Q: 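Let me give you the structure first, and then I'll get to my questions.
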Protein chains: 2
Amino acid sequence: MEAGVEATARRRVTAADVAKDAGVSRATVGYVLNGTPGQTISQPTRERVLASARRLGYQPNQTARTLASGRSRIVLFLMPDWPVEFRLRSFLDAVSAELGSAGYSLVAHSHVPGHGAPPLWESLNPDLVVSAVPIEPAALAAMRTSGARVLAPDTQDGIGIGGLDLSRGVSAGLEIQVGHLHERGHRRLVYAALSEPRLSSLVSARHRAAVAHARVLGLPEPPLVRLDYRDRSAVDAVHRWHAEGVTGVVAYNDDAAALVVGAAVRAGLQVPDDLAVVGHDDVPLASMFVPKLSSIRLDTEALGRRFAEAVLHHLDRRPLPDWIPVRPLLVRRETT
Amino acid sequence: MEAGVEATARRRVTAADVAKDAGVSRATVGYVLNGTPGQTISQPTRERVLASARRLGYQPNQTARTLASGRSRIVLFLMPDWPVEFRLRSFLDAVSAELGSAGYSLVAHSHVPGHGAPPLWESLNPDLVVSAVPIEPAALAAMRTSGARVLAPDTQDGIGIGGLDLSRGVSAGLEIQVGHLHERGHRRLVYAALSEPRLSSLVSARHRAAVAHARVLGLPEPPLVRLDYRDRSAVDAVHRWHAEGVTGVVAYNDDAAALVVGAAVRAGLQVPDDLAVVGHDDVPLASMFVPKLSSIRLDTEALGRRFAEAVLHHLDRRPLPDWIPVRPLLVRRETT
DNA sequence: ATGACGGACTTGCGCGCGCAAGCCTCGCAT
DNA sequence: ATGCGAGGCTTGCGCGCGCAAGTCCGTCAT
């Protein structure tokens, strides 16, 4: 670490410095640099200001700007403490890129309940808080009184977000999972998930969707089974299913699918003949597993772009455009 | 969405409102609420102020506070666009919790190069930017002139952070991987990674560490092999290794290990007799795979706590305590 | 010559807060 | 009676910026 840096740490350059340097008033600097409409600035002055700003390395202080204008150009995206696997990641990247080109910064944050950190929405003063999960009324009130607009799902069920129905895409994926097993001749199904407490709300929401679609197809309702990869629960479950005549497993995600398939293989069952399994998310691992996992792939990038678009509409208080669903894709491999 | 909310959206309550309500000056409100040392406030006044604040639901405006005090109590953690898998996640959670209890908010952000979003450090005005990867001089200068202190690794190599040598833990893991294979009698090793461009800097750093440790043990240098799960590269590699007498694979992470093991099984090789594989990270999947993957587990939570502690020291400009390394753990399963 | 008008700026207030410095009012020592 | 110091507040400035409302001056129609 060079020592000179600290010495150079003089006061940061403000608009006043630029003004003095360019021989104009501070307001003029603001008008030039912001291109404020309705203000006419002569070309020579404009150039002098721009030259001074560049020369001094002027960086507007966003904090002051936020205070003065009342807008921070920050969007806070609140998630439950989901594991951020790579699809969610590419979703966030897409959202971030899209919002970025409109001048907004996305801050994605996983809220871990009950660790006494100061709430992020207070420090950030975001223009908009988008939450993927319902927010307790108290916290919601706190956000609103702190000036932010909040977009959160109203139902307990899902990850629908305000007008933006993300859960549509999810339930569509489920319909494909269930439909695929049905089509392959499986009648008795179960819904399998890892006993990961952080995901339990999502799990039960999806399970409900699975039940609903099974009913539509005239199948018996698939029970929800939570498995733990640290014990024998998966192996036991597989044996039980085999005895009971269950032949199809709808997995919450590819991890759950892998666990089931692994247990089945170890139990000596034939996959997919004795037991067929469909995962969800199509993580890279799905195609490395032996046997390769059938799964559902969502175009999360497209989803992210759509989502960002909707967020931008919301920021401008424009009515939301029609939500064109992003169709999930079935990737058929060796487990069905 | 209830309609009443918008109507209720009156101006947010400020310290001035509280002052008026309590019949004191605005400064007094500040002194009471901040417990400013060196200011004596009588008990009755203090209680009146606290009561008013509570009654009105006063929330200090952090933006104004940041502007006035010059400190935002935000720490920005910059990562390359690593896939945020679950170990990194638990690391971040631990850091966040630890910083939170000291009144700081952690904002973790993956910088995706070249998407034209406004840089986050400007909007956030963080007290400290901690970067896991080296920062280009230009960006570093920009951060510093915008007032933030910056902690970034000086070497090109790794994820060492300022004085906090995270890379120590990593290379320790590698030594265990290489040492374990060596101990099991393997002499010709390769270092296998996924051809994920986002990880390439980490991959080459770790590969160098693997080479270094192999040399220490008197083994030939393990070459770096990048595999792609979307093509036949893994299967081809496995065949080649078998022909060349390579019997041990040090994998960059469990994904890479899974890919190699899967390819070996499909090629009809015996794991671990023909080919032994050690992964890294011990993701849940590692114990679900067939065969179960041997792997390295890092206590990322402990690592996170240590790290946060170091960050706090830095924030207070206290000298860093001695860095006690967090020892990685070898989890031996079926692939070695 | 007079005024209206618009271009090209400047003055100044406000955002909400932290904090230094000032101002009373007591009680108590002299 | 006077001085004095401390407790308990208030006044007021500054943080850096956006933006409304001036001010000044040259031009052009009347």
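Just so we're clear, the structure is a prediction, and the values are computed from it rather than from any experiment. Chain naming here is simple, since letters A, B, ... match the order of the sequence lines and numbering starts at 1 in each.
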Q: Give the rounded distance in Å between these two atoms: CG of A:N61 and P of D:dC15.
A: 12 Å

Q: Going by the angle between their ring planes, with limits at 30° and 60°, are A:F91 and A:F307 parallel, tilted or perpendicular?
A: tilted

Q: In whole angstroms, how far is the C1' atom of C:dC17 from the CG atom of B:D17?
A: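 The answer, rounded to whole Å, is 13 Å.
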
Q: Counting C-beta onward and ignoring hydrogens, is there a side-chain heavy-atom pair between B:L76 and B:H109 closer than 4.5 Å?
A: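 Touching, per the 4.5 Å side-chain cut-off.
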
Q: Per the side-chain contact (heavy atoms from CB on, under 4.5 Å) rule, which among A:V107, A:L120, A:L78, A:L124 passes with A:V129?
A: A:L78

Q: Evaluate the side-chain proximity of A:R73 to A:R71: yes if any heavy-atom separation is below 4.5 Å, no if none is.
A: yes

Q: Distance check needed: D:dC17 C1' versus A:Q59 CD, whole Å only.
A: 15 Å

Q: Side-chain contact, heavy-atom cut-off 4.5 Å: A:V75 with A:P126?
A: no

Q: Taking the side chain as every heavy atom from C-beta outward, state whether A:L99 and A:V311 have any atom pair closer than 4.5 Å.
A: yes

Q: Is the shortest side-chain N to carboxylate O distance from B:R55 to B:D21 below 4.0 Å?
A: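 Counted as a salt bridge, because a side-chain N and a carboxylate O are separated by less than 4.0 Å.
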
Q: So how far off straight is the helix from C:dA1-D:dT30 to C:dT30-D:dA1, going by the axes through five pairs at either end, to 10°?
A: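 The angle, to the nearest 10 degrees, is 70°.
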
Q: Within the 3.5 Å criterion, strictly below it, is a donor on B:T63 or B:T66 matched to an acceptor on the partner's side chain?
A: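 Side-chain D/A pair, B:T63 to B:T66: absent.
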
Q: Could you check how far OH of B:Y58 sits from P of C:dG16, rounded to whole Å?
A: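 For the pair B:Y58 OH and C:dG16 P, the rounded distance is 10 Å.
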
Q: Without decimals, in angstroms, what is the distance between A:L67 CG and D:dG14 C1'?
A: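 Whole-Å distance recorded here is 13 Å.
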
Q: What is the distance from CD of A:E47 to C1' of C:dA8, rounded to the nearest Å?
A: 16 Å

Q: Using whole Å, what does the distance between atom P of nucleotide C:dC15 and atom CZ of A:R71 come to?
A: 18 Å

Q: If only side-chain N and O atoms of A:N34 are considered, is one of them under 4.0 Å from the OP1 or OP2 phosphate oxygen of D:dG18?
A: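 True: A:N34 side-chain N/O within range (under 4.0 Å) of D:dG18 OP1/OP2.
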
Q: Between C:dC17 atom P and A:N125 atom CG, what is the distance in whole Å?
A: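 From A:N125 CG to C:dC17 P: 11 Å.
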
Q: With 3.5 Å as the limit, what N/O pairs link the protein to nucleotides 7-10 of chain D?
A:
unit_1 : atom_1 : unit_2 : atom_2 : d
D:dC9  : OP1    : B:T45  : OG1    : 2.8
D:dC9  : OP2    : B:S42  : N      : 2.7
D:dC9  : OP2    : B:S42  : OG     : 2.5
D:dC9  : OP2    : B:T45  : OG1    : 3.1
D:dC9  : N4     : B:Q39  : OE1    : 3.3
D:dT10 : OP1    : B:S25  : N      : 3.4
D:dT10 : OP2    : B:S25  : N      : 2.7
D:dT10 : OP2    : B:S25  : OG     : 2.8
D:dT10 : OP2    : B:T28  : OG1    : 2.6

Q: Got a second to check how far B:S146's OG is from B:N125's CG, nearest 0.5 Å?
A: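 The distance works out to 6.5 Å.
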
